[in-house]
> 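Let me give you the structure first, and then I'll get to my questions.
Numbered from 1 within each chain, the chains take letters A, B, ... in sequence-line order.
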Protein chains: 2
Amino acid sequence: MDGAKILIVEDDKNISTIVKMYLEKEGYSVSSAYDGESGIRQFEREGCDLAVLDIMLPKMSGYEVCRRIREKGGVPVIMLTARGDTADKVAGLEIGADDYIVKPFEMKELLARIKAVLRRSSPQEAKPHSMVFGDMKIDLASYTVSIGKLSMELPPKEMELLSFLAGNKNTVFTREQLLEKVWGYNYFGDSRTVDVHIKRLREKLPQDSSHWQLKTVWGVGYKFEVK
Amino acid sequence: MDGAKILIVEDDKNISTIVKMYLEKEGYSVSSAYDGESGIRQFEREGCDLAVLDIMLPKMSGYEVCRRIREKGGVPVIMLTARGDTADKVAGLEIGADDYIVKPFEMKELLARIKAVLRRSSPQEAKPHSMVFGDMKIDLASYTVSIGKLSMELPPKEMELLSFLAGNKNTVFTREQLLEKVWGYNYFGDSRTVDVHIKRLREKLPQDSSHWQLKTVWGVGYKFEVK
DNA sequence: ATTCTTATGAACAAACTGTGAACTTAAAAA
DNA sequence: TTTTTAAGTTCACAGTTTGTTCATAAGAAT
């Protein structure tokens with residue numbers, strides 16, 4: 001992506017400034033925040049194409065900021081972690097960061113990772129915040145699904161899985177594709193996990209709709225079929 | 001891609017062997033080289049669908065191998081980098097590697113990345129997602145074939161066989177060619193298997209269409225004839 | 001008629017999915 | 001904090017579906 005907008009949340013102003021200048025020189029549009037809360041505020045106000053987050057932040061940790069940013073949609077995140085803090089890396093990746101980089105780092109490396117992440121984060125259509133299929137309404141904003149009069153809140157993963165499939169209706173995805181698209185690029189888990197989430201979705205969503213169906217395509221994967 | 005051919009260039013025979021065995025167990029066809037020059041030679045002689053390259057290699061660095069492989073065409077590359085060797089990572093990414101993984105790594109993670117890269121590099125845009133022949137529509141995206149108002153899901157192999165033949169309409173293929181193209185070049189089975197699948201397709205698809213026909217070419221093979 | 005090729009039915013083997021339950025991790029509450 | 005609850009993940013078993021092989025019948029060519 002060219003001239004992408006990057007949000008950097010980092011309390012060390014030295015680092016922050018250097019990164020900002022370097023990235024601007026590279027043609028990116030950069031905005032800075034110096035603590036977690038204002039990071040989130042700034043993100044909600046201005047948005048961004050990619051966020052670079054320090055983990056140690058005043059007021060709200062980088063994890064939390066990351067989590068909230070991920071909630072809002074497909075904005076990729078790169079975490080800045082302290083050297084040797086493996087636990088941090090792990091946690092960062094598990095929380096859904098797309099990559100991490102260990103301090104101290106070279107600007108050159110950060111730049112390479114930014115490019116890589118931007119390249120990977122396919123310019124998927126901006127997701128609508130709600131979708132309707134016959135009697136079902138999927139509301140991303142509130143993590144709520146309503147079917148007829150029934151309304152329920154789904155856990156994050158189930159919601160993300162459902163909305164991804166629904167947002168790409170009538171298209172089959174393999175378990176691996178779903179892991180990549182829903183769980184994240186650097187998630188390395190058992191593909192049967194998908195099965196379990198599908199099963200739970202089927203338990204919760206009445207399966208007698210004439211408009212839509214969570215369908216298994218044997219030997220391939222799953223699709224959200226809309227008639 | 002199924003049973004893809006992977007070239008691994010790694011001078012540490014321990015690592016190389018473990019990777020080879022693990023990937024073969026996963027159904028890939030793996031060939032190994034232990035230095036850069038023979039890596040390139042092997043690539044030019046046999047080709048591959050994906051290359052896994054160590055960076056530190058005798059005779060020719062992984063970068064160089066990567067660069068040359070990229071020159072030859074669209075073969076994706078995953079680089080193996082030493083921990084903390086940031087310069088390496090950067091160079092690897094900039095040189096056009098599709099991904100990198102830091103040693104020591106878990107086979108599970110390497111496998112996931114291989115799958116992800118192969119998936120990304122076999123661009124679905126290349127294949128049309130649906131084909132229409134008169135009253136028949138073959139939809140790869142949803143794994144559905146519809147004929148008139150009738151719509152059905154075919155099992156994977158039947159679907160693949162049908163869409164291959166349909167995608168190459170009016171061309172005869174021998175059973176061996178079909179085994180290679182549809183089943184994969186590392187499949188060694190009875191060519192009668194093709195007959196059985198053709199038979200099942202004929203059972204399922206109404207054979208009275210005036211537009212198309214699954215035809216036997218006696219002594220040669222099969223073709224999907226379109227009028 | 002003889003020989004080679006293809007069609008078909010049936011049996012077997014392999015691969016895949018659904019499911020319950022144990023287990024681990026994260027979030028929420030006390 | 002610590003405790004409690006919820007969410008997410010892994011695993012194993014059972015039941016199905018699909019894929020393959022094989023034996024035999026039917027069809028084509030010479």
> For dG18(C), does OP1 or OP2 lie under 4.0 Å from any side-chain N or O of Thr216(A)?
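For dG18(C), OP1 or OP2 has a side-chain N or O of Thr216(A) closer than 4.0 Å.
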> Quick check: on DNA chain D, is the nucleotide nearest Thr193(A) upstream (toward 5') of the one nearest Thr193(B), or the reverse? Name the residue that is more 5'.
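Mapping each residue to its closest nucleotide by heavy atoms, the 5'-most match is Thr193(A).
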> Using a cut-off of strictly less than 4.0 Å, decide whether Arg175(A) has a side-chain nitrogen or oxygen near OP1 or OP2 of dT17(C).
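Looking at the OP1 and OP2 atoms of dT17(C), one of them is under 4.0 Å from a side-chain N or O of Arg175(A).
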> Please tell me which of the listed nucleotides, dT19(C), dA7(C), dT17(C), lies nearest to the side chain of Arg202(B)?
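So the nucleotide nearest the side chain must be dA7(C).
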> Out of dT10(D), dT20(D), dT18(D), which nucleotide sits closest to the side chain of Trp218(A)?
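Of dT10(D), dT20(D), dT18(D), dT18(D) is nearest to the side chain of Trp218(A).
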> So, is His197(A) near the phosphate of dA7(D), with a side-chain N or O under 4.0 Å from OP1 or OP2?
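False: His197(A) side-chain N/O out of range (4.0 Å or more) of dA7(D) OP1/OP2.
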> Reckon Lys157(B) has a side-chain N or O less than 4.0 Å from the OP1 or OP2 of dT20(D)?
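False: Lys157(B) side-chain N/O out of range (4.0 Å or more) of dT20(D) OP1/OP2.
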> Look at the side-chain N and O atoms of Arg192(A) and state whether any lies under 4.0 Å from the OP1 or OP2 oxygen of dC11(D).
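No.
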> Would you say the side-chain atoms of Asp12(A) pair up with the backbone N or O of Ile15(A), donor to acceptor, closer than 3.5 Å?
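It does hold such a pair.
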> Quick one: is dA7(C) close enough that its OP1 or OP2 comes under 4.0 Å of any side-chain N or O from Tyr222(B)?
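Indeed, a polar side-chain atom of Tyr222(B) lies that close.
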> Asp190(B) has a side chain; which of dC22(D), dA7(D), dG20(C) sits nearest to it?
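Nucleotide nearest to Asp190(B)'s side chain: dC22(D).
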> Output the single nucleotide from dA7(C), dT19(C), dT21(D) whose closest atom is nearest the side chain of Asp195(A).
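The listed nucleotide nearest to Asp195(A)'s side chain is dT19(C).
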> Hey, is the side chain of Tyr187(B) poking within less than 4.0 Å of OP1 or OP2 on dT20(D), counting only N and O atoms?
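So the side-chain polar atoms of Tyr187(B) do come within 4.0 Å of the phosphate oxygens OP1 or OP2 of dT20(D), strictly under.
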> Does the Lys NZ or Arg CZ of Lys13(A) fall within the cation-pi geometry relative to Tyr34(A) - under 6.0 Å from the ring centre and within 45° of the axis?
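Yes, a cation-pi geometry holds between Lys13(A) and Tyr34(A).
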> Strictly below 4.0 Å: does Trp183(A) bring a side-chain N or O up to OP1 or OP2 of dG8(D)?
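No, Trp183(A) has no side-chain N/O under 4.0 Å of OP1/OP2 on dG8(D).
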